[in-house]
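Quick notes on the structure that follows.
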There are 2 protein chains.
Amino acid sequence: MTEQTPTLHTLKVSCSNCSLRELCLPVGLNREEMAQLDAVIRQSRRLKRGEYLFRSGEGFRSLYAVRTGYFKTCVSSQDGREQVTGFHMSGELMGLDGISASQHGCDAIALEDSEVCELPFNRMETLGRDIPSLQHHFFRLMSREIVRDQSVMLLLGNMKAEERLAAFLLNLSQRLSARGFAAYDFILRMSREEIGSFLGLKLETVSRTLSKFQQQGWLKVDHKHIQMLQPEELKALVAGCAQANSLR
Amino acid sequence: MTEQTPTLHTLKVSCSNCSLRELCLPVGLNREEMAQLDAVIRQSRRLKRGEYLFRSGEGFRSLYAVRTGYFKTCVSSQDGREQVTGFHMSGELMGLDGISASQHGCDAIALEDSEVCELPFNRMETLGRDIPSLQHHFFRLMSREIVRDQSVMLLLGNMKAEERLAAFLLNLSQRLSARGFAAYDFILRMSREEIGSFLGLKLETVSRTLSKFQQQGWLKVDHKHIQMLQPEELKALVAGCAQANSLR
DNA sequence: GCCACGCTTTGATACGTGTCAAGCAAGCCT
DNA sequence: AGGCTTGCTTGACACGTATCAAAGCGTGGC
C-alpha cells in the first residue's frame, strides 16, 4: 500500500507478441501468471488515422491499451457539441467508462496510424480473482482515471486560457519524456480545434495563446512542432493553480 | 452484462445496524455472502456540519458511503482555488480517487449533520475475490464515477451559465426523486458559492441566473428553497447539450 | 431583543474569450 | 504545375461572465 504509484509505461515498447504486460500491467506477476495473462490478451489491432476504435453506445466488451500511436476520446451531446475527454499515448488504457453501463460512453479515435491491444474485460475480471495483484492494479488504474478527471475539472472550472494551455503542454511534455522522447521538443498529434475542445477553448484562442507564448520567447511554434524554450516560465504560470500534472 | 444499471439507492434508508447493502451494494448476494459483507462494513460514523470526513493527502484506507446527510468533495490548488468535484447524498460512495495513490485526492466535507458507513478497502477487495458479483459491482461503481466526471467535463467545457445551472438543478431533482423525495420542491444544501465552484461560475452568476429563471416563471426561489414550476423549460434548455443526467 | 455576521441579491463596469471574417501556408488531387 | 481543400493565424468586434461595490435579508450569539 505504500509503494510508488505504478509507472504505467516503460520505454521498451517494441517487444514480441504483445508487450502490454510491460506497458500497462507492471504488476509483478510470476511466470505462470504472465502466461495466463498472455492467453487472455488478444492480438493487437491496427487502426488508420481517423478510424474509430469504438463509439459511444456500442456494446462494451474490452478495454484497449495503446501500443503505438495516438488516440483521442470524446463525448458528444445530441446537438453535436464535442468534448475531448483525453488524449492517449502508448501504454494508456481506454474504455474504462464502458464498464458501468456495459456500453461505451465515449468515442475513441486514432489521431495517427495506431496499434492497440484488446483486453476482454470479462476475462480480465475473472483473472483478477486468481491474481490479487492484478485485481488491485485494475482498481488503481480506474482510480487514477478518476484523479485525472478531477484535475481536468479543476482546469476547466478555474483556470484561464494561458494557464490551461501551459498545463496542457507541460503535461504532454512530461508524458513524452516518461516514454523516452524529448521533453522540450515534440510534435502535436492533434489539431488546434481538438486542443481547444479538451481545454474548453475555441481554436482561435488556442492559436492566439500559442502565439503569445512564442512572442514571449517561451515557445517556438512551427505548426505542430513545439519547442519549449523556457519551460520554467510555463511552470511558473501553472504553479499554484495545478494540484498535480495528472491531466492526460 | 445486460442487466439494468444498478439503482445505487433504495428508499428504505433507516434500517438496523448498517443498511449499506441496501444502499450501495444491491448485488444479489445470498445470505452467507451478506453476512461476510456485514462483517467487513464498519459501524457508521457521524459528522457534524462542516466537519471533514477525510482530507486530500491523508492516507487512504476506506471508502465511505453516505447513509444520511449531504457531502461535498473538492480539490484545491496550491494558491487556494477550490473546485467542488461533486455533491453526495445518501447511498453514494466517496473516496474512490484515493485508491490510486493510497492517499485521498480530495477533501470530503459534510454539508449538514451526516452519517457514513466505512468500507475498509483492503477487505472489500479481498471479499470481491470470493464474491464475483461484488467485485463486478465495484468495477461498475468506479466506471460510473468516470462517466459522471466526463459529463461534468462536457458541462464545464461547452455549456453556458444557464445551461449549467439548469443541468445541475435537474440532476439534483432526479436524484432526490430517486430517493423518494419530491422532485420539484427541495432545499439546496449548499451555498451559491459552492454551486458556482462546482459549475465553474462565480456565486454572483449563480444568483443572477437563479433570479432570471424565477423571472421567467420557471422556478420559485426562496433562499435555499427551490420549487421547479416549469421543469420542461429547464429540460428544453439542456436538451441537446447534455448527453445524460449523470452529473451528481 | 438587538446587533453582528454571513450569505445573497443587484447594479455598474471591466475583462477575457467567443464570434465572424479575411488572408495565408501547406498538402493533396487531377 | 495549378487549383483546391484544410488547418492555422490574425484582426475587429460582440457577448458573457467576472469583478467590484453596496445594500438587503436571515440567522445565531450575547
Side-chain angles (χ1 to χ4, degrees), chain A residues 48-50 70 72 79-84 109 111-113 155-169 187-216 219-227 237 241, chain B residues 48-50 72 79-84 109 111-113 155-169 187-216 219-226 237 241:
Chain A
K48 290 228 168 291
R49 173 180 172 166
Y70 230 87
K72 68 169 176 181
D79 61 359
R81 305 188 217 185
E82 179 178 289
Q83 173 76 28
V84 171
I109 301 163
L111 292 177
E112 57 178 47
D113 294 359
L155 179 143
L156 292 173
N158 284 303
M159 291 165 62
K160 299 204 177 299
E162 292 189 15
E163 297 169 333
R164 295 184 196 192
L165 198 62
F168 172 72
L169 292 172
I187 306 290
L188 296 174
R189 285 345 208 285
M190 67 295 284
S191 68
R192 303 288 191 262
E193 184 165 20
E194 287 163 333
I195 296 173
S197 170
F198 181 57
L199 298 178
L201 301 170
K202 293 293 160 185
L203 69 98
E204 293 95 330
T205 305
V206 173
S207 179
R208 271 187 250 274
T209 308
L210 282 175
S211 301
K212 192 183 294 179
F213 285 167
Q214 181 164 237
Q215 275 176 12
Q216 296 182 274
L219 291 184
K220 183 160 190 315
V221 182
D222 177 26
H223 304 105
K224 309 217 152 182
H225 181 192
I226 303 287
Q227 295 176 64
L237 198 56
C241 61
Chain B
K48 291 228 168 290
R49 173 180 172 166
K72 69 170 175 179
D79 60 0
R81 306 188 217 187
E82 176 178 290
Q83 172 76 28
V84 172
I109 301 162
L111 293 178
E112 57 178 45
D113 294 0
L155 179 142
L156 292 173
N158 283 303
M159 291 165 62
K160 298 204 177 299
E162 292 190 14
E163 298 169 333
R164 294 184 198 193
L165 197 63
F168 171 72
L169 292 172
I187 306 291
L188 295 174
R189 283 352 205 280
M190 67 294 284
S191 69
R192 304 287 191 261
E193 184 165 20
E194 287 162 333
I195 296 174
S197 170
F198 180 56
L199 298 178
L201 301 170
K202 292 294 160 186
L203 69 99
E204 294 95 329
T205 305
V206 173
S207 178
R208 273 187 249 273
T209 308
L210 282 174
S211 301
K212 192 183 294 179
F213 285 167
Q214 180 162 241
Q215 274 176 13
Q216 295 181 274
L219 291 183
K220 184 160 189 317
V221 183
D222 177 26
H223 303 106
K224 309 220 154 180
H225 180 194
I226 302 287
L237 197 58
C241 62

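Keep in mind the model is a prediction, meaning the values are calculated, not measured. Throughout, protein chains are lettered first and strands after them, A, B, ... in sequence-line order, and every chain is numbered starting at 1.
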Review item, nucleotides 13-16 of chain D N/O atoms under 3.5 Å of protein N/O:
none

Contact list for DNA chain D against residues 200-209 of chain B - heavy-atom distance below 4.0 Å: Gly200(B), Leu201(B), Lys202(B), Glu204(B), Thr205(B), Arg208(B)

Nucleotide dT9(D), atom C1' - distance to NZ of Lys212(A) in whole Å: 14 Å

Atom-to-atom span, CG of Leu165(B) to P of dT17(D) - whole angstrom: 11 Å

Non-hydrogen side-chain atoms of Met190(A) and Tyr70(A) separated by less than 4.5 Å: yes

Sugar-phosphate or base contact per nucleotide [nucleotides 23-30 of chain D; S, B, -; heavy atom under 4.0 Å]: ---S----

5' precedence on DNA chain C between Glu193(B) and Met159(A) (nearest-nucleotide basis): Glu193(B)

Glu162(A): partners by side-chain contact (heavy atoms from CB on, under 4.5 Å), with sequence neighbours left out: Thr209(A), Lys212(A), Phe213(A), Leu237(A)

Worked verdict on Glu194(B) versus Leu111(B) for side chain to side chain contact (heavy atoms under 4.5 Å, CB included): CA-CA 10 Å; Glu194(B) 287 162 333; Leu111(B) 293 178; 3.6 Å; yes

Nearest-angstrom distance from the residue atom CD of Glu194(A) to P of dT6(D): 15 Å

Sugar-phosphate only, base, or nothing, as touched by Lys224(B) at under 4.0 Å among non-hydrogen atoms: sugar-phosphate

Interatomic distance, Phe213(A) CZ vs dC8(D) P [rounded to whole Å]: 17 Å

Axis deviation across the helix from dG1(C)-dC30(D) to dT30(C)-dA1(D), five-pair ends, to the nearest 10°: 40°

Side-chain donor/acceptor of Gln214(B) to backbone N/O of Val221(B), under 3.5 Å: yes

Donor-acceptor contact present, side-chain Gln83(A) to main-chain Ser197(A), <3.5 Å: yes

From CG (Leu169(B)) to CD1 (Ile226(B)), nearest 0.5 Å: 6.0 Å

Expected output: side-chain Arg164(B) to main-chain Leu156(B) donor-acceptor under 3.5 Å: yes

Atom pair CD1 (Ile195(B)) and CD (Glu193(B)), whose distance is rounded to the nearest 0.5 Å: 11.0 Å

CD (Glu82(B)) with more than 12 external heavy atoms under 6.0 Å: yes

Reported CG-to-CG distance for the pair Leu219(A) and Leu210(A), which is rounded to 0.5 angstrom: 6.5 Å

Asp113(A) (side chain) donor-acceptor with Arg49(A) (main chain) under 3.5 angstrom: yes

Under 3.5 Å: donor-acceptor pair, side chain of Ser207(A), backbone of Leu203(A): no

Heavy-atom closest contact (Ala161(A) atom, Thr205(A) atom, distance): CB-CG2, 3.9 Å

Separation of atom CZ in Arg192(B) from atom P in dT19(D), rounded to whole Å: 19 Å

Minimal non-hydrogen separation, Ala167(A) against Met159(A), with atom names: CB-CE, 3.8 Å

Lys72(A) NZ to Arg189(A) CZ distance, which is reported to the nearest 0.5 Å: 15.5 Å

DNA chain C: 5'-most and 3'-most nucleotides touching chain A, 4.0 angstrom heavy-atom criterion: dT17(C) to dA26(C)

Interatomic distance where CG belongs to Leu199(B) and P belongs to dT17(D) [whole Å]: 12 Å

Residues, nucleotides or ligands: over 12 heavy atoms within 6.0 Å of Glu112(A) CD: yes

